[in-house]
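First the structure, in the form of structure tokens, and then the observations on it.
The first residue of the sequence shown is numbered 1, and numbering continues consecutively from there.
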Amino acid sequence: MARQSVKRTTLAVLTTAALVGLLAPNASAAEPEPLARTWKAVVQCQLVRINPYGVQGYITGTGTGTTQGSAVTNAKQHADTKVPVGHYKRHCQTVQLGRASAPAIAPVVLAA
């Protein structure tokens with residue numbers, strides 16, 4: 001009988017310790033995390049009219065993402081939104097790719 005209560009107590013202590021570890025894995029969690037590093041991309045694509053066929057010019061798109069590839073994909077999707085009916089885009093090239101700067105924080109002005 002005593003052996004079972006020791007097992008139960010041990011199990012309860014281990015379970016509690018595991019839950020506390022999951023809820024507060026790092027004692028220094030009060031420190032703010034750095035801003036997530038993001039990428040910014042600008043793409044330029046040819047704009048082609050379908051009928052009568054012809055290149056109409058270029059369109060650009062911008063996008064951000066956590067990786068270079070996702071930023072370029074988002075920029076191409078942004079360029080898609082600028083394609084008018086009866087046209088399509090092709091030959092997209094990345095013209096700018098780099099780390100996105102941290103967003104500027106505007107100062108708070110309190111009215112007197």
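Residues that satisfy the side-chain hydrogen bond (donor to acceptor under 3.5 Å, both in side chains) test with S70, not counting sequence neighbours, are T67. Among residues two or more places apart in sequence or in another chain, the side chain to side chain contact (heavy atoms under 4.5 Å, CB included) test is passed with Q77 by T73, N74. Under the side chain to side chain contact (heavy atoms under 4.5 Å, CB included) criterion, A41 pairs with A71, V72, A75, L97, sequence neighbours left out.
Applying the salt bridge (Lys or Arg N to Asp or Glu O under 4.0 Å) test to pairs two or more places apart or on separate chains, those with a residue in residues 62-85 are D80-K89. Evaluation of the disulfide bond (SG atoms under 2.5 Å apart) test over residues 58-100, restricted to residues two or more places apart or in two chains, returns C45-C92.
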Identify every side-chain donor-acceptor pair in residues 48-63 under 3.5 Å, counting partners at least two apart or on other chains, and give the distances.
unit_1, atom_1, unit_2, atom_2, d
R49, NE, P52, O, 2.8
Y53, OH, R90, NH1, 2.9

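V42 shares a hydrophobic cluster with V95; the chain of contacts runs through ILVMFWY side chains whose heavy atoms sit under 4.5 Å apart.
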